[in-house]
Amino acid sequence: MKVAAILLLCMALFHQGHSNSCQGRCGYGIDTSYSCQCNTACERYNDCCSDYYTLCKAGDSGATITDAEIKSLSETLFALDTNKASASELILDPQALVADSQTSSKSDLSSRPLYKFVDENALFTRPTYAALLNLFDNYKRITGQAESFTSQQLTEQETFLKETMLNTELGRELFAFLYTKGVYKSEAEFIEDLKNMWFGLYSRYNGAMDSSGFEHIFAGEIKGGKVSGFHNWIRFYLLEKRGELNYYSHSFNGPWSNYPDVLGLQFHWDGYYKQVGSAVIGCSPEFDLALYSLCYIARPGKYCYLSLGGKQLIIQTYTWDNSSYGNGKKYIASAYPVSM
């Protein structure tokens with residue numbers, strides 16, 4: 001009896017100690033005696049244990065990718081970004097640097113545009129840049145207005161993914177890494193998942209299918225009377241050039257002495273304010289997409305620690321938890337460089 005009692009006590013203590021963990025429970029059915037679950041259904045119902053992705057998603061998630069691997073790959077992608085702007089192709093005029101406490105003041109402290117010169121003939125004629133430019137006019141910026149795409153616009157989305165991820169050495173390097181980690185079994189699966197992840201529509205306001213990861217991050221949106229998202233340097237430049245965006249100041253300037261660099265920007269977009277719009281400046285479209293995709297796959301909803309030229313960059317990603325695609329996979333809600 002004493003042995004049986006001890007065994008029962010040990011089992012109870014084991015259960016209690018593992019009630020918040022997926023240790024030994026990956027793929028098990030729903031068990032309400034546990035406080036969290038460890039199967040694909042938990043992704044839909046948002047009741048996964050905190051270590052679910054680390055312990056249970058080997059082979060189909062980036063959770064098995066180590067911090068060291070992320071830093072090593074980001075250095076490789078940094079070296080492969082041959083389409084980035086050179087110092088002669090992109091000249092900035094940052095002007096006012098403000099403290100974090102001043103970013104909400106809405107004070108226009110810069111008398112000139114941020115972009116002093118961009119060599120459009122050299123940069124925008126390259127296939128990945130041209131593919132990105134074709135996408136910007138496909139969106140309604142006000143949330144609550146449903147998006148719809150023509151067959152031509154859907155083709156433009158696919159062209160952008162193929163040009164950036166399949167037709168550049170940088171993109172192929174990202175795929176090769178994810179392939180070796182078992183995240184994707186083929187290039188076709190890789191592109192299809194990115195298409196859903198980045199361009200799949202979901203609702204940010206009032207039930208309308210009005211948003212996507214790409215629109216939010218690359219094109220920018222207006223929600224609640226404020227600029228939401230907007231983390232792409234090319235989009236910023238084009239709107240500033242057209243007189244639709246007024247640069248105010250910057251509250252962060254990364255440690256890099258060449259491109260890509262990182263800035264935290266304050267600006268008005270046609271009457272709407274952005275308190276801090278951080279962006280990787282001067283990088284190619286494929287570099288932007290690769291970094292955000294890597295971090296979203298490897299560290300969804302968390303800080304993602306990268307290394308660029310020996311200097312640390314942190315990317316914050318967020319998942320869209322109100323809807324999903326495929327096997328409970330989450331759309332990208334946001335991703336941006338942390339400026340601090």
Side-chain angles (χ1 to χ4, degrees), residues 83 120 123-168 170-172 174-175 178 183-223 228-239 241-242 244 269-270 284-293 296-297 319-320 322-335:
N83 277 332
E120 295 187 23
L123 295 173
F124 292 174
T125 55
R126 298 171 187 174
T128 58
Y129 286 82
L132 176 64
L133 296 179
N134 285 336
L135 295 172
F136 284 141
D137 62 356
N138 294 348
Y139 297 95
K140 307 178 185 74
R141 66 175 183 165
I142 304 295
T143 58
Q145 298 181 5
E147 302 287 1
S148 61
F149 303 115
T150 65
S151 59
Q152 175 62 34
Q153 290 170 336
L154 292 173
T155 298
E156 290 171 355
Q157 294 174 6
E158 294 183 2
T159 298
F160 174 69
L161 291 175
K162 291 177 180 177
E163 287 292 351
T164 55
M165 294 293 100
L166 299 184
N167 293 346
T168 66
L170 187 157
R172 291 191 295 270
L174 174 63
F175 167 71
L178 296 173
V183 180
Y184 299 109
K185 297 180 177 65
S186 66
E187 286 185 343
E189 182 185 356
F190 173 54
I191 294 299
E192 183 64 22
D193 193 44
L194 290 184
K195 182 169 68 173
N196 287 315
M197 182 190 303
W198 278 101
F199 293 101
L201 292 174
Y202 49 81
S203 176
R204 285 189 187 267
Y205 181 73
N206 206 27
M209 302 299 282
D210 59 355
S211 186
S212 68
F214 177 86
E215 179 181 6
H216 182 81
I217 297 164
F218 281 80
E221 300 177 298
I222 304 299
K223 182 180 180 181
S228 181
F230 201 129
H231 302 289
N232 180 256
W233 76 269
I234 298 170
R235 175 69 161 166
F236 191 111
Y237 162 72
L238 292 172
L239 290 171
K241 178 185 176 183
R242 295 206 299 258
E244 299 176 21
W269 178 16
D270 197 20
S284 67
E286 57 265 34
F287 187 76
D288 242 356
L289 185 67
L291 286 195
Y292 292 146
S293 297
Y296 188 73
I297 292 166
T319 62
W320 184 256
N322 297 329
S323 56
S324 60
Y325 69 91
N327 188 23
K329 291 185 175 183
K330 300 294 182 63
Y331 300 104
I332 292 177
S334 190

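The nearest pair of heavy atoms linking Ser148 to Gln153 is O-OE1, 3.7 Å. Taking every heavy atom of both residues into account, Gly144 and Ala208 meet most closely at O-CB, 3.4 Å. In terms of heavy-atom proximity, Ala219 sits nearest to Arg235 at O-NE, 2.9 Å. Listed here is the closest heavy atom pair of Arg204 and Ala333: NH2-O, 2.6 Å. Taking all atoms of both residues into account, the shortest heavy-atom contact from Ser293 to Leu174 is CB-CD2, 4.4 Å. The two residues His216 and Ser228 make their nearest non-hydrogen contact at CE1-OG, 2.9 Å.
Looking at Leu123 and Ile234, their side chains never come closer than 4.5 Å, going by heavy atoms from C-beta outward. For the pair Leu161 and Glu158, the minimum side-chain heavy-atom distance is 4.5 Å or more. Asn138 places a side-chain heavy atom less than 4.5 Å from the side chain of Glu156. Here the side chains of Thr159 and Asn134 are not in contact, with every heavy-atom distance at 4.5 Å or above. A 4.5 Å side-chain heavy-atom check between Tyr292 and Ile332 finds every atom pair outside the cut-off. Residues Phe190 and Leu194 have side chains in contact (heavy-atom distance under 4.5 Å, counting atoms from C-beta outward).
In this structure, Tyr202 and Tyr331 have tilted ring planes: the angle between them lies in the 30° to 60° band. In this pair, Phe230 and Phe236 present their aromatic rings perpendicular. The plane angle is above 60°, beyond the 30 to 60° band.
By the neighbour-count criterion of 12 heavy atoms within 6.0 Å, atom NZ of Lys140 is densely surrounded, having more than that number from other residues, nucleotides or ligands.
Comment: Glu221 does not engage Lys223 in a salt bridge, judged by the lack of any side-chain N to carboxylate O separation of less than 4.0 angstrom.
A search for side-chain hydrogen bond (donor to acceptor under 3.5 Å, both in side chains) contacts involving Asn322 returns nothing, not counting sequence neighbours. By the side-chain hydrogen bond (donor to acceptor under 3.5 Å, both in side chains) test, Asp270 is found to be paired with Arg141, residues two or more places apart in sequence or in another chain being considered.
Expressed to the nearest 0.5 Å, how far CD of Glu163 lies from OH of Tyr129 amounts to 13.5 Å. We find the OG-NZ distance between Ser324 and Lys330 to be 7.0 Å, quoted to the nearest 0.5 Å. A distance of 11.5 Å separates NZ in Lys241 from CG in Leu239, rounded to the nearest 0.5 Å. With rounding to the nearest 0.5 angstrom, the CG atom of Leu289 is 4.5 Å from the CE atom of Met165. In this structure, CG on Asn232 lies 5.5 Å from CG on Leu132, to the nearest 0.5 angstrom.
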Checking Phe136 against Leu238 for the side chain to side chain contact (heavy atoms under 4.5 Å, CB included) test, could you report, in this order, the C-alpha distance in whole Å, the side-chain angles of both residues, the deciding distance, and whether it holds? CA-CA 10 Å; Phe136 284 141; Leu238 292 172; 4.0 Å; yes
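Between the side chains of Glu120 and Tyr237, at least one donor N or O sits under 3.5 Å from an acceptor N or O.
Distance alone, capped at 3.5 Å, is enough to place a donor-acceptor pair between the Arg126 side chain and the Asn83 backbone. In this structure a side-chain-to-backbone donor-acceptor pair under 3.5 Å is present from Thr143 to Ile222.
For Phe160 and Trp198, the gap between ring centers reaches or exceeds 6.0 Å.
For the ring pair (Phe, Tyr, Trp, His ring centres under 6.0 Å) with Phe149, the qualifying choice from Phe214, Tyr139, Phe199 is Tyr139, the only one to do so. When each of Thr128, Thr168, Thr164 is tested with Glu286 by the rule side chain to side chain donor-acceptor pair (under 3.5 Å), just one qualifies, namely Thr128.
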